[in-house]
Number of protein chains: 2
Amino acid sequence: MGKSRKSRTIYAILGFLCSKPRSGYDIKKAIEKSVGFFWSESYGQIYPMLKKLEEDELAVKFEDDTPSSRRRQRYAITDKGRRELARWIEEDADYRGFRNELLLKLFFGSTVDTAISIHHLQDFIAHEQNRLEMFEGFHATLPRDPGEMTPSVAFLAATLNYGLSGTQHNIQWAEETIELLKNVIEQ
Amino acid sequence: MGKSRKSRTIYAILGFLCSKPRSGYDIKKAIEKSVGFFWSESYGQIYPMLKKLEEDELAVKFEDDTPSSRRRQRYAITDKGRRELARWIEEDADYRGFRNELLLKLFFGSTVDTAISIHHLQDFIAHEQNRLEMFEGFHATLPRDPGEMTPSVAFLAATLNYGLSGTQHNIQWAEETIELLKNVIEQ
DNA sequence: AGCACCATGTAAGTGGTTACATGATTCC
DNA sequence: GGAATCATGTAACCACTTACATGGTGCT
């Protein structure tokens with residue numbers, strides 16, 4: 001009776017098959033491009049899982065009928081697959097299992113030179129500023145007209161907003177924390 | 001040449017041994033109480049790792065000399081252990097590997113009834129509000145007087161601030177997102 | 001010819017959780 | 001006596017990453 005130690009790879013794949021048939025390679029790329037800032041899957045998970053999806057009749061494979069093109073094994077989601085995806089989405093989400101290495105290093109910061117912690121925070125700010133630019137670029141491509149706010153755009157915007165405002169928040173926190181640590185040094 | 005697929009359990013343990021000798025049980029409790037909102041370790045990791053720490057001379061075991069008390073095997077960090085901990089802290093932190101199940105469900109929200117996504121967000125708000133109370137309670141115990149702002153308090157405050165402001169941010173985002181989704185429904 | 005990219009996989013290894021086993025101690 | 005907690009461990013299992021293998025395609 002495990003609490004929630006199940007792979008979510010299957011649902012990530014089903015979710016991306018929902019919009020259109022895709023190959024394993026397509027799925028990996030789509031994940032990186034759209035949800036990469038909060039989710040990732042490796043080929044080592046995707047390809048075996050696609051095989052299992054077909055076994056369980058949650059997706060069907062169809063070879064490309066154009067023999068001239070590259071070998072490409074695309075999968076389409078079935079009705080059973082859609083139901084399984086919906087069932088999972090309706091389940092309560094699991095909030096546990098976060099691990100933040102930066103915070104752990106910072107928590108132990110009093111055992112090393114404070115300059116090291118400040119350096120980590122500056123690194124983090126640079127990292128988050130890169131992400132911020134990426135988010136802003138992405139955000140600019142969203143339709144601003146409320147008439148174009150279709151459901152799927154709204155859900156995309158929702159996750160994007162999380163990344164955007166979260167990153168801004170991270171930068172602000174890191175800057176404030178640097179000041180805090182500098183003040184402590186001076187005393 | 002793995003990029004960073006090494007266990008950090010060893011460093012979490014060393015970090016907690018740094019302040020005083022502890023048993024495996026103590027370490028687990030200390031982690032839950034202080035860094036539980038961004039880190040966790042299980043006994044299945046801690047006890048074998050303590051054994052390994054002793055083998056590698058990063059810690060030494062000493063049985064309690066009071067035979068009347070419970071069996072308790074405490075470990076003390078060695079100089080070598082302190083050096084190893086410091087070495088790790090100085091390394092660049094790894095920001096990768098976050099997975100957010102709530103966001104994934106939300107990203108696929110257009111495939112199910114929007115009420116489900118709103119329900120998830122309301123659940124999330126309740127969850128974060130509980131955490132907020134916990135953080136605020138914890139925060140209130142910190143010394144406010146700048147004179148008492150010792151380094152170790154400052155680093156504790158830094159991580160706590162992350163949790164505190166991050167939780168506030170999460171709540172705000174979730175509330176705004178509910179409004180966004182409600183507006184989409186009405187159209 | 002050579003490089004970058006497309007594309008599909010597999011094998012090995014690891015980190016981590018969960019469930020279970022065991023027993024002492026404290027407190028009601 | 002019984003329950004809760006203290007306390008230490010192990011075995012099994014699993015999700016996931018990494019590294020490797022293989023070969024086609026398109027472009028210069």
Side-chain angles (χ1 to χ4, degrees), chain A residues 1-13 21-33 36 38-55 59 61-64 66-75 88 94-101 104, chain B residues 1-13 21-33 36 38-55 59 61-64 66-75 88 94-101 104:
Chain A
M1 312 294 173
K3 264 283 143 59
S4 77
R5 245 196 112 222
K6 299 207 63 209
S7 176
R8 274 131 223 151
T9 300
I10 169 176
Y11 304 111
I13 293 176
R22 296 179 203 256
S23 67
Y25 189 85
D26 290 341
I27 292 168
K28 179 96 193 300
K29 293 288 157 253
I31 288 175
E32 285 170 1
K33 224 183 64 179
F38 66 84
W39 204 265
S40 73
E41 296 289 349
S42 64
Y43 290 130
Q45 290 278 101
I46 292 173
Y47 283 114
M49 193 55 80
L50 279 172
K51 201 168 271 182
K52 197 172 175 304
L53 244 44
E54 203 188 12
E55 274 169 32
K61 176 162 73 176
F62 62 99
E63 319 266 344
D64 263 353
T66 53
S68 67
S69 82
R70 282 189 186 90
R71 175 175 72 137
R72 221 165 145 257
Q73 293 174 286
R74 286 196 291 176
Y75 292 79
W88 171 75
D94 185 7
Y95 308 133
R96 302 171 311 169
F98 291 105
R99 272 183 158 193
N100 190 322
E101 190 176 321
L104 192 63
Chain B
M1 310 292 177
K3 264 283 143 58
S4 79
R5 242 193 116 222
K6 299 207 62 207
S7 175
R8 275 130 222 152
T9 300
I10 169 175
Y11 304 110
I13 293 176
R22 297 179 202 256
S23 65
Y25 190 85
D26 291 341
I27 292 169
K28 179 97 194 299
K29 293 288 158 254
I31 288 176
E32 285 170 2
K33 223 183 65 180
F38 67 82
W39 205 266
S40 74
E41 297 289 348
S42 64
Y43 290 129
Q45 291 277 100
I46 291 172
Y47 283 114
M49 193 56 78
L50 280 171
K51 201 168 271 180
K52 196 171 175 304
L53 244 43
E54 203 188 13
E55 276 169 31
K61 176 162 72 174
F62 61 99
E63 321 266 343
D64 262 353
T66 53
S68 68
S69 80
R70 281 191 186 88
R71 173 176 71 137
R72 222 166 144 256
Q73 293 174 286
R74 285 197 293 176
Y75 291 79
W88 171 74
D94 185 7
Y95 308 133
R96 301 171 312 168
F98 290 104
R99 271 182 159 194
N100 190 321
E101 190 176 320
L104 192 63

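Atom set for the values below is all heavy atoms of this structure, side chains included, hydrogens, waters and symmetry mates excluded. From a predicted model like this one, the values you see are computed outputs, not experimental measurements. We name chains A, B, ... by the order of the sequence lines, and we start the count at 1 in each one.
At the heavy-atom level, A:G44 lies under 4.0 Å from base atoms of the strands shown.
Rounded to whole Å, the distance from NZ on A:K52 to C1' on D:dC16 is 16 Å. As a whole-Å value, the separation of A:K28 NZ from C:dG9 P is 15 Å. Between the CD1 atom of B:I13 and the C1' atom of D:dG9 there is a distance of 14 Å, given to the nearest Å. Here the P atom of nucleotide C:dT8 and the NZ atom of A:K29 are 11 Å apart, to the nearest Å. Distance CD (A:E32) to P (D:dT17): 11 Å, rounded to an integer number of Å. Between A:E41 atom CD and D:dA15 atom P there is a gap of 12 Å when expressed in whole angstrom units. B:M49 has its CE atom 15 Å from the C1' atom of D:dT10, to the nearest Å. The interatomic distance linking A:R96 (CZ) with D:dA15 (P) rounds to 14 Å, in whole Å.
Between A:Y43 and C:dG9 there is no side-chain polar atom (N or O) within less than 4.0 angstrom of OP1 or OP2. Put simply, B:T9 has a side-chain N or O that comes within less than 4.0 Å of OP1 or OP2 on C:dG16. Applying the 4.0 Å criterion to OP1 and OP2 of D:dT8, one finds that B:Y25 has every side-chain N and O outside that range. Side-chain N/O atoms of A:S42 include none lying less than 4.0 angstrom from OP1 or OP2 on D:dA19. Distances shown here put every side-chain N or O of B:S7 at or beyond 4.0 Å from the OP1 or OP2 atom of C:dT14. The phosphate of D:dT8 (OP1 or OP2) has no side-chain N or O of B:Q73 nearer than 4.0 angstrom. A sub-4.0 Å separation between OP1 or OP2 of D:dG24 and a side-chain N or O of A:R72 is absent. Considering only side-chain N and O atoms, A:K51 lies under 4.0 angstrom from the phosphate OP1 or OP2 of C:dT10.
Classification of A:D26 and A:R74 as a salt-bridged pair fails, no side-chain N sitting under 4.0 Å from a carboxylate O. Under 4.0 Å is where a charged nitrogen must lie from a carboxylate oxygen, and between B:K28 and B:E32 at least one such pair does. The pair A:R8-B:E101 counts as a salt bridge, with a side-chain nitrogen and a carboxylate oxygen less than 4.0 angstrom apart.
When the nucleotides C:dT17, D:dT18, D:dA7 are ranked by their closest atom to the side chain of B:Y47, D:dA7 comes out on top.
Counting distance only, with no hydrogens placed and no angle test, the side-chain atoms of A:R5 and the base atoms of C:dT18 include no donor-acceptor pair under 3.5 Å.
Geometrically, A:K29 engages A:Y25 in a cation-pi contact defined by less than 6.0 Å to the ring centre and at most 45° from the axis.
The shortest distance between side-chain heavy atoms of A:M49 and A:S7 falls below 4.5 Å.
Both B:P48 and B:D26 sit near DNA chain D, but only B:D26 has its closest nucleotide nearer the 5' end.
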